Amino acid sequence: MKEANQGFGTIAIHAGNAKDKSYGALTAPICQSSTFVFDDCAQGGRRFAGAEGGFIYTRLGNPTTAMLETKLAALEGAEAAAVTSSGMGAISAVFWTVCRAGVHVIADSTLYGCTYALLSHGLTRFGVEVSFVDTADIAQVKAALRDNTVAIYLETPANPTLKITDIRQVCDVAHNFNKNIRVICDNTFATPYLQTPLALGCDIVVHSATKYINGHGDVVAGAALGANDFISELKLFGIKDMTGSVISPHDAYLVLRGLKTLEIRMDRHCANAKIIARYLSENPKVTKVYFPGLETHPGHAIAQRQMKDFGGMISFEVKGGKEAGINLLDNLDLCTLAVSLGDAETLIEHPASMTHSTYTAAELKKAGVPEGLVRISVGLENPQDIIADLERGFSRI
Ligand SMILES: *Cc1c(COP(=O)(O)O)cnc(C)c1O
């Protein structure tokens with residue numbers, strides 16, 4: 001169990017582990033059961049009424065999933081966590097819980113493509129107004145606040161431009177205006193190892209656990225974290241009734257397995273990304289590198305302050321624009337052409353036609369995403385091999 005002052009790696013390995021009562025198994029047992037047996041009707045009634053703990057039905061909770069929730073809450077410094085079947089499951093459950101017709105949401109204009117679609121085309125169908133601003137420019141946040149604003153949503157570093165928003169500044173402005181506004185941060189790119197938004201004033205953190213948290217490219221999963229009362233409401237309404245976004249116990253087990261190595265994986269991702277970013281910034285065929293670890297990045301100082309390290313994601317533009325960028329992607333071998341990120345394998349993609357194809361050309365422009373932008377999720381391979389592959393790719397275009 002978690003003890004005071006333990007390190008991140010220790011917490012990731014030990015928090016929430018309960019001794020297996022059946023056989024004393026070391027690793028988390030996979031409780032692959034849809035439903036749980038009651039002793040008698042009275043007990044079933046008490047569990048449904050919330051008067052007695054214990055499991056009922058896996059959409060309402062499961063022992064393997066609960067273990068993952070305890071671990072993630074310990075890592076993010078949250079009172080509670082809810083794990084879902086995807087990152088979009090977590091994000092949509094949060095919005096179903098926070099919003100109703102007539103409210104207003106402020107969101108950063110640079111977001112993961114499906115989150116942007118949820119906010120711009122989805123919620124607006126149900127009478128929610130959404131204003132897209134650049135949250136890195138605090139004047140834009142201030143100007144967008146209204147009496148019916150219930151939430152501010154942002155990613156930092158943002159997908160795919162690695163834009164950095166000063167989390168504490170946005171939280172201060174929002175909460176001074178109205179303490180009930182929920183500031184929601186998608187912490188997928190940073191992970192709780194590099195950044196803990198709740199400690200900087202955020203109310204809710206969401207994750208695509210598909211990415212670094214699991215880290216092995218074999219699960220789609222998500223999480224939302226925050227205060228006990230919010231997470232209870234999220235579970236009993238946003239997940240149970242509205243989205244039904246329930247992770248399978250087997251997938252929860254795989255994420256628990258992945259989490260054991262999160263710290264050492266992130267250290268390697270960060271170290272590799274610094275080497276690759278330096279290589280790209282010195283490459284004459286690259287016109288611009290987007291990486292918060294570079295001193296030239298506009299968010300470098302803020303990232304240094306609010307993150308432990310700069311992460312494993314880089315974007316860049318190739319001389320010759322979109323055509324040259326696409327040409328590079330089609331000429332790589334080790335760097336694998338695929339969306340998703342945070343895996344052991346280096347993955348490379350073209351946001352405008354893939355992860356961010358939900359944006360129109362005008363919306364991409366507003367979000368600061370050039371049409372030719374290339375996004376690379378630097379993997380855990382030896383960095384000289386990633387560079388050799390990029391070098392070969394550049395020489396072919
Ligand atoms: C992938 C991603 C999501 C969506 O998560 P899924 O697990 O694919 O549903 C949300 N936010 C960010 C920043 C992502 O990269």
Side-chain angles (χ1 to χ4, degrees), residues 6-13 75-76 155-164 187-197 207-217 255 257-283 286 288-316 328 332-336 338-349 373-394:
Q6 283 184 335
F8 186 93
T10 309
I11 297 169
I13 294 166
L75 293 173
E76 280 283 1
E155 298 175 1
T156 181
N159 189 352
T161 61
L162 288 307
K163 183 178 74 175
I164 301 292
N187 204 25
T188 300
F189 272 31
T191 81
Y193 178 52
L194 301 182
Q195 172 175 284
T196 46
H207 276 286
S208 170
T210 310
K211 317 290 170 53
Y212 293 105
I213 284 181
N214 178 58
H216 292 72
V255 179
R257 186 167 74 157
L259 267 181
K260 293 184 191 189
T261 55
L262 180 62
E263 176 172 332
I264 57 172
R265 286 188 285 109
M266 288 314 291
D267 280 341
R268 177 66 171 257
H269 282 297
C270 291
N272 276 1
K274 275 180 212 158
I275 297 168
I276 306 302
R278 195 66 64 194
Y279 159 77
L280 290 169
S281 60
E282 286 164 2
N283 187 322
V286 173
K288 188 166 175 191
V289 181
Y290 300 68
F291 179 64
L294 293 174
E295 298 74 21
T296 49
H297 188 283
H300 178 67
I302 299 163
Q304 217 160 17
R305 199 162 64 232
Q306 71 187 14
M307 299 174 75
K308 182 185 168 72
D309 207 339
F310 302 106
M313 298 299 297
I314 305 170
S315 290
F316 60 96
L328 172 73
L332 295 168
D333 302 318
L334 184 76
C335 298
T336 305
V339 299
S340 202
L341 58 104
D343 292 333
E345 297 82 0
T346 293
L347 303 179
I348 196 159
E349 65 118 5
L373 195 74
V374 172
R375 190 192 76 180
I376 182 164
S377 166
V378 179
L380 302 176
E381 300 94 341
N382 302 99
Q384 68 272 20
D385 298 321
I386 302 170
I387 290 176
D389 190 46
L390 289 167
E391 209 40 32
R392 213 165 29 239
F394 278 114

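Keep in mind that what you see is a predicted model, and the values were worked out from it rather than measured.
- Closest approach of Asn214 and Val255 over heavy atoms only: OD1-CA, 3.5 Å.
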### Query
What's the verdict on side-chain contact (heavy atoms from CB on, under 4.5 Å) for Ser281 and Thr296, showing C-alpha distance, side-chain angles and the deciding distance?
CA-CA 10 Å; Ser281 60; Thr296 49; over 6 Å; no
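- Formation of a donor-acceptor pair under 3.5 Å by the Glu263 side chain with backbone atoms of Gly9 is found in this model.
- Between Tyr212 and Thr188, the closest side-chain pair of non-hydrogen atoms is not below 4.5 Å.
- Put simply, the side chain of Thr196 never gets that close to the backbone of Pro192: no donor and acceptor are under 3.5 Å apart.
- Scanning both residues, Ile376 and Cys335, for their nearest heavy atoms gives CD1-SG, 4.4 Å.
- Residues His269 and Leu380 meet the side-chain proximity criterion, which asks for heavy atoms closer than 4.5 Å.
- With a 4.5 Å cut-off on side-chain heavy atoms, Ile213 and Leu259 count as touching.
- From Met266, atom CE reaches atom OG1 of Thr191 across 4.0 Å, with rounding to the nearest 0.5 Å.
- Looking at heavy atoms from C-beta onward, Gln195 lies out of side-chain contact with Phe189 at the 4.5 angstrom threshold.
- Side-chain contact between Ser377 and Lys211: absent, with no pair of heavy atoms (C-beta onward) separated by less than 4.5 Å.
- Every residue was checked against the salt bridge (Lys or Arg N to Asp or Glu O under 4.0 Å) condition with Arg265, not counting sequence neighbours, and none meets it.
- For the atom pair CD (Glu391) and CD (Gln384), the distance works out to 13.5 Å, reported to the nearest 0.5 Å.
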### Task
Starting from the C-alpha separation in whole Å, work towards a yes-or-no answer on side-chain contact (heavy atoms from CB on, under 4.5 Å) for Arg278 and Leu294.
CA-CA 8 Å; Arg278 195 66 64 194; Leu294 293 174; 3.8 Å; yes
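- His297 places no side-chain N or O within 3.5 Å of a backbone atom of Tyr290 that could act as its donor or acceptor partner.
- Listed for the Ser315 side chain is no donor-acceptor partner under 3.5 Å among the backbone atoms of Thr161.
- Remark: Asn272 CG to Asp267 CG distance equals 11.0 Å, nearest 0.5 Å.
- Aromatic ring centroids of His300 and Phe310 lie under 6.0 Å apart.
- Here the straight-line distance linking atom CG of Leu334 with atom CD1 of Ile348 works out to 10.5 Å at 0.5 Å rounding.
- With contacts defined as side-chain heavy-atom distances shorter than 4.5 Å, the pair Asn159/Arg375 qualifies.
- Side chain to side chain, Glu381 and Thr346 meet the donor-acceptor criterion of an N or O pair below 3.5 Å.
- Smallest separation of non-hydrogen atoms from Ile275 and Pro383: CD1-CG, 3.8 Å.
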### Query
Please walk me through it: do Glu349 and Leu341 pass side-chain contact (heavy atoms from CB on, under 4.5 Å)?
CA-CA 10 Å; Glu349 65 118 5; Leu341 58 104; over 6 Å; no
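- We find the CG-CG distance between Leu390 and Leu280 to be 6.0 Å, quoted to the nearest 0.5 Å.
- With rounding to the nearest 0.5 angstrom, the CG atom of Leu262 is 8.5 Å from the OH atom of Tyr193.
- Shown here for Cys270 and Asp309, the closest heavy-atom pair between the two residues is CB-OD2, 3.4 Å.
- Of all heavy-atom pairs spanning Phe291 and Gly311, the tightest one is CE1-O, 3.7 Å.
- When all heavy atoms of Gly393 and Leu328 are compared, the pair lying nearest together is C-CD1, 3.5 Å.
- In this structure, the side chains of Pro160 and Met313 stay at 4.5 Å or more apart for every pair of heavy atoms.
- Asp343 contributes a side-chain N or O that, together with a main-chain N or O of Gly217, makes up a donor-acceptor pair within less than 3.5 Å.
- Looking only at side-chain heavy atoms (C-beta outward), His207 and Glu76 come within less than 4.5 Å of each other.
- A donor-acceptor pair under 3.5 Å is absent between the side-chain atoms of Asp333 and the main chain of Asp389, judged by distance alone.
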